[in-house]
Asks: 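Before I ask anything, let me first share the structure, which is written out below as structure tokens.
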Number of protein chains: 2
Amino acid sequence: MSNEKILLVDDEPDIIEFLGYNLTKEGYDVTTSTSGKEAVELAKKIKPDLILLDVMMPEMDGIETCQEIRNVADIKNTLIAFLSARGEDYSQVAGLDAGADDYITKPIKPRLLVSRVKAILRRKSGGEEVGVDEQEGDIKIDREKYLVYKEGEELSFPKKEFELLALLLSKPGKVFTREVILESVWGGEVVVGDRTIDVHIRKLREKLGDHYIKTIKGVGYKFES
Amino acid sequence: MSNEKILLVDDEPDIIEFLGYNLTKEGYDVTTSTSGKEAVELAKKIKPDLILLDVMMPEMDGIETCQEIRNVADIKNTLIAFLSARGEDYSQVAGLDAGADDYITKPIKPRLLVSRVKAILRRKSGGEEVGVDEQEGDIKIDREKYLVYKEGEELSFPKKEFELLALLLSKPGKVFTREVILESVWGGEVVVGDRTIDVHIRKLREKLGDHYIKTIKGVGYKFES
DNA sequence: ACAATAAATTAATATTAAATTAACATCCAG
DNA sequence: CTGGATGTTAATTTAATATTAATTTATTGT
């Protein structure tokens, strides 16, 4: 059986490995590359069904690479999906209309990635609409920029609030006890008063809206969308 | 009864010794390893109940090791908890969804470590993650999310009710006497009145439906489907 | 190094959900 | 019928968290 071929392009080996592993496990025939230039050559050679292309890359970025590919007659109709770090300004990318077939934000959970990939490949036959990022829950954080996104809006948070939110967000739905929160946001030795966590939760709720963080009395707090 | 086996993996001998000592003292059967590769082999051999895995290790890091383990049919369902230095980017790790069951930051106090380990191991028997295969008329609990699932519906329970239900559910069909219930839900010293348990049972029956919890007069209560 | 500003923490009190008790009802074995 | 056991409902108490403001502690810019 000839599996569907995916060309995965990202300059970070970690990402390559992580995504590659998950796609391979799903039965796809995965080729990888860490540069845009190389990717174009590879594409010509192996004729992939789908190219996953990181937007931000040194030298030749995803957009250029995409345009290059669209220029080569032989492979110009290959499906291309952009990968971008959550929080990067994709409106610009979308505005450039570089000719991508989908747009996927990182980090992404394996299951979600796979279902997106399946969806794109399914679209190949019947021309469905282009998907722009269906999110899982509408609050996101960008650790690098230290920003929180709420429905597209960007919000800036002080350190402790950010860390607390990041923790809750690291596993939505999971209840984090006060003990665990203290341990992981404040650290072992530091002793802070009983109401400190409450106050930070308050601040978060103030900025995000009440319904995101739920209290389980006697147990802890959890994030839910 | 043979003790529960823990495989402890960290590249720093000091950490190994410190954590190992404390876990052994608690009665766990501890095996240690300083490399991810070796850990996978050891895991195959001894089939631990839980693997504590340092995220940052030379050669093969915790995440890779975790993925490896998840790949070996024989041990793929072993509980795995990540250990990481505080301040490392846990959201990223969690986001990678490498399949860990918990996330513990170092340094950690012995007592807290032990209680975390107990919690993880307890989860094994109790309710597991997201309700995938719900059976009709069945009740499940998810300790991590502190939720009860009844025919796919999510129900939120207060602490004592949750713990009581969890106890009954831990061995469906078994009759739990009032003494045992008090002992395990309330704890040794606490003295509460005669009707306290009844009232909690009432609340449970109210929310779940009468037929799930059966009274054995003069003996106790049991859960049955 | 200093003031200005923001963040984090504590303090004091209010609020609320949860747990318990109380008061009475019912059930059922003997 | 009767008495111990459990059921039920509402009232009460308690424990946990929420809230707001005041205070302390960091951070920043000059």
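Only this structure's heavy atoms are used, side chains among them; waters, hydrogens and symmetry mates stay out. The chains referred to below are lettered A, B, ... by the order of the sequence lines, with proteins before strands, and numbering in each begins at 1. Note that the coordinates shown come from a computational prediction; the quantities given were computed from them, not determined experimentally.
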Asks: Could you give the distance from CG (Leu204(A)) to CD1 (Ile139(A)), rounded to the nearest 0.5 Å?
Replies: 9.5 Å

Asks: For the pair made of CD1 in Ile216(A) and P in dT17(D), what is the distance, rounded to whole Å?
Replies: 10 Å

Asks: Whole-Å distance between dA19(C) P and Phe157(B) CZ?
Replies: 12 Å

Asks: Rounded off to whole Å, could you give me the CZ-to-P distance for the Phe162(B) and dA18(C) pair?
Replies: 14 Å

Asks: Report the relative orientation of the aromatic rings in Phe223(A) and Tyr212(A); use parallel for angles under 30°, tilted for 30 to 60°, perpendicular for over 60°.
Replies: parallel

Asks: Look at the side chain of Lys217(B) and decide which nucleotide, out of dC27(C), dT17(D), dT21(C), has an atom nearest to it.
Replies: dC27(C)

Asks: If I take atom CD in residue Glu206(A) and atom C1' in nucleotide dA8(C), what distance separates them, rounded to the nearest angstrom?
Replies: 15 Å

Asks: Is there a side-chain contact between Pro48(B) and Glu4(B) in this structure, where contact means two heavy atoms from C-beta onward sitting under 4.5 Å apart?
Replies: no

Asks: Once you round it to whole Å, what is the distance between C1' of dA14(C) and CG of Asp194(A)?
Replies: 17 Å

Asks: Would you mind reporting whether Val9(A) and Thr32(A) have side-chain heavy atoms less than 4.5 Å apart?
Replies: no

Asks: Using the test side-chain hydrogen bond (donor to acceptor under 3.5 Å, both in side chains), find all partners of Ser33(B) that sit at least two apart in sequence or belong to another chain.
Replies: Glu38(B)

Asks: Can you tell me how far P of dA6(C) sits from NZ of Lys207(A), to the nearest Å?
Replies: 12 Å

Asks: Counting the atoms with a prime plus P, OP1 and OP2 as sugar-phosphate, which does Tyr221(B) contact under 4.0 Å by heavy atoms, base, sugar-phosphate, or nothing?
Replies: sugar-phosphate

Asks: Please verify the inter-ring angle class for Tyr146(A) with Phe162(A); under 30° counts as parallel, over 60° as perpendicular, anything in between as tilted.
Replies: parallel

Asks: Would you indicate, yes or no, if dT6(D) has its OP1 or OP2 atom less than 4.0 angstrom from a side-chain nitrogen or oxygen of Arg178(B)?
Replies: yes

Asks: What is the distance, rounded to the nearest whole Å, between atom NZ of Lys214(A) and atom C1' of dA17(C)?
Replies: 12 Å

Asks: Is the distance from OP1 or OP2 of dA5(D) to the nearest side-chain N or O of Thr215(B) less than 4.0 Å?
Replies: no

Asks: Go through residues 195-205 of chain B and report each residue with a non-hydrogen atom lying under 4.0 Å from DNA chain D, sorted by number.
Replies: Arg195(B), Asp198(B), Val199(B), Arg202(B), Arg205(B)

Asks: Please check the phosphate of dA19(C) (OP1 and OP2 only) for any side-chain N or O of Trp186(B) closer than 4.0 Å.
Replies: no

Asks: Does any N or O in the side chain of Lys174(A) come within less than 3.5 Å of the main-chain N or O of Glu144(B), such that one atom is a donor and the other an acceptor?
Replies: no

Asks: Could you tell me the separation between the CG atom of Leu164(A) and the P atom of dA8(C), rounded to a whole number of Å?
Replies: 11 Å

